Amino acid sequence: MSKKGPETHHVVPDPDGGWNVKRGGANRASKHFDRKSDAVDWGREVSRNQGTEFRIHNRDGQISQSDSHGNDPNPPKDKN
């Protein structure tokens, strides 16, 4: 089950156009971008620095991609 809260960062569509990077649970965007790719690049860097889960949403609001930069609750199993 994915966490919704301060342990996540999200790239979400802005209703007025463009894309926002938001910390989970926040009402206001951390930063706004015209292009999704710029929002993803900046958001991924912030997520890495803060050790959070990173969620990238489509224009319809659905999560299209997720990266783990923190304590992944379902880490990959070691093949050895």
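Note that the structure is predicted; figures quoted are calculated from it, not measured. In what follows, every heavy atom counts, from backbone to side chain, and hydrogens, waters and symmetry copies are set aside.
Of the possible donor and acceptor atoms, none in the side chain of Asn58 sits under 3.5 Å from a partner among the backbone N and O of Asp60. Of the possible donor and acceptor atoms, none in the side chain of Lys22 sits under 3.5 Å from a partner among the backbone N and O of His9. A donor-acceptor pair is defined here as one N or O able to donate and one able to accept, closer than 3.5 Å; such a pair exists between the side chain of Ser64 and the backbone of Ile56.
The line from CG of Asp38 to NZ of Lys31 is 9.5 Å long, rounded to the nearest 0.5 Å. Interatomic distance, CG of Asp67 versus CD of Glu53, reported as 9.0 Å (0.5 Å rounding).
Here the closest non-hydrogen pair linking Gly43 and Phe54 is C-CE1, 3.4 Å. Across Arg23 and Ser30, no two heavy atoms sit closer than the pair N-OG, 4.0 Å.
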Open item on the list: Under the criterion side-chain contact (heavy atoms from CB on, under 4.5 Å), I'd like the reasoning laid out for Gln65 against His57: C-alpha separation, chi angles, the key distance, then a yes or no.
Closed with: CA-CA 7 Å; Gln65 187 177 348; His57 297 253; over 6 Å; no
TODO: Begin from the C-alpha positions of Trp19 and Asp14 and carry the test side-chain contact (heavy atoms from CB on, under 4.5 Å) through to its verdict.
DONE: CA-CA 5 Å; Trp19 296 86; Asp14 187 303; over 6 Å; no
Open item on the list: Walk me through whether Thr52 and Thr8 qualify under side-chain contact (heavy atoms from CB on, under 4.5 Å).
Closed with: CA-CA 5 Å; Thr52 62; Thr8 60; 5.5 Å; no
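Connection of Val12 to Val46 is not established within any shared hydrophobic cluster, with ILVMFWY side chains joined at heavy-atom distances below 4.5 Å, either directly or through further cluster members.
Counting non-hydrogen atoms of neighbouring residues, nucleotides and ligands closer than 6.0 angstrom, the CG atom of Asp34 reaches no more than 12 such neighbours. Residue-environment remark: CZ (Arg35) stays at or below the threshold of 12 foreign heavy atoms within 6.0 Å.
Side-chain contact annotation: Ser66 with Arg55, donor-acceptor N/O pair under 3.5 Å present.
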